[in-house]
Amino acid sequence: MFRVFNDYLKYIQLSVSPEIECAFNHFLADSKGLKNYCVTIHYNRFVVDVRLNKFGMEQAQKHFQKMMDAVGYPYSQMYVRFNEGNVIRYRYASCMENKMGFYCDVVYS
C-alpha cells in the first residue's frame, strides 16, 4: 500500500498553499471533541497534530473523514492509516485535476 501511495505522490505537484492551511485551521477550530490541535509546515508538507478529548480509533476515523471532506480536493484523494498504540497516524494527499495538490501527516492522540 505504501508503494501505491508513494507512486500517487509522484504525480502531484505539491504545495503548502495558505488557503489549505487556512482550511485546516478553520475546520479544526470549529471541531468539537478536541483538546487542542496544531498545524505546521515541514519540508513542503503539512503536519496536523490533533489531541482528542476521548482517544479511540472510531473517534479519530470519524474526525479524519470529516476533515477530508472539508479540506480535500474533490478530484482526487488518497490516505494510508497507521495504528501505533495510543497514536493513529494518517498520510494523506489530495489534488485538483491539474495535479496541483498537497500532502500532510495527520496524527491523532
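Donor-acceptor pairing under 3.5 Å is recorded for the side chains of Q61 and Y90.
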* Can F46 and V106 be said to form a side chain to side chain contact (heavy atoms under 4.5 Å, CB included), step by step? -> CA-CA 8 Å; F46 295 100; V106 182; over 6 Å; no

* Apply side chain to side chain contact (heavy atoms under 4.5 Å, CB included) to F102 and V71, showing your working. => CA-CA 10 Å; F102 67 91; V71 177; 3.9 Å; yes

* To do: Starting from the C-alpha separation in whole Å, work towards a yes-or-no answer on side chain to side chain contact (heavy atoms under 4.5 Å, CB included) for V39 and V47.
  => CA-CA 6 Å; V39 179; V47 177; over 6 Å; no

* Worked verdict on F5 versus R91 for side chain to side chain contact (heavy atoms under 4.5 Å, CB included) -> CA-CA 9 Å; F5 187 83; R91 293 178 70 191; 3.9 Å; yes

* To do: Could you give me the CA-CA distance, side-chain angles and deciding distance for D69 and K66, then say whether salt bridge (charged side-chain N to carboxylate O under 4.0 Å, His left out) is met?
  => CA-CA 5 Å; D69 291 343; K66 289 178 185 176; over 6 Å; no

* To do: Check the pair D105 / R89 against salt bridge (charged side-chain N to carboxylate O under 4.0 Å, His left out), numbers first and verdict last.
  => CA-CA 7 Å; D105 289 320; R89 185 178 314 270; over 6 Å; no

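Side-chain contact between V107 and V50: absent, with no pair of heavy atoms (C-beta onward) separated by less than 4.5 Å.
Rounding to the nearest 0.5 Å places CD of Q13 at 4.5 Å from CE of M100.
For S94 (side chain) and S76 (main-chain N/O), a donor-acceptor pair under 3.5 Å exists by modelled atom type. At least one donor-acceptor pair under 3.5 Å links the side chain of Y108 to the backbone N or O of F64.
The environment of OH in Y11 is sparse: at most 12 heavy-atom neighbours from other residues, nucleotides or ligands sit within 6.0 Å. Under a cut-off of 6.0 angstrom, the local environment of CD in E97 is sparse, with at most 12 non-hydrogen atoms contributed by other residues, nucleotides or ligands.
Between H63 and F27, the ring planes are tilted. Angles from 30° to 60° get that label.
For the side chain to side chain donor-acceptor pair (under 3.5 Å) test, no residue two or more places apart in sequence or in another chain qualifies with S109.
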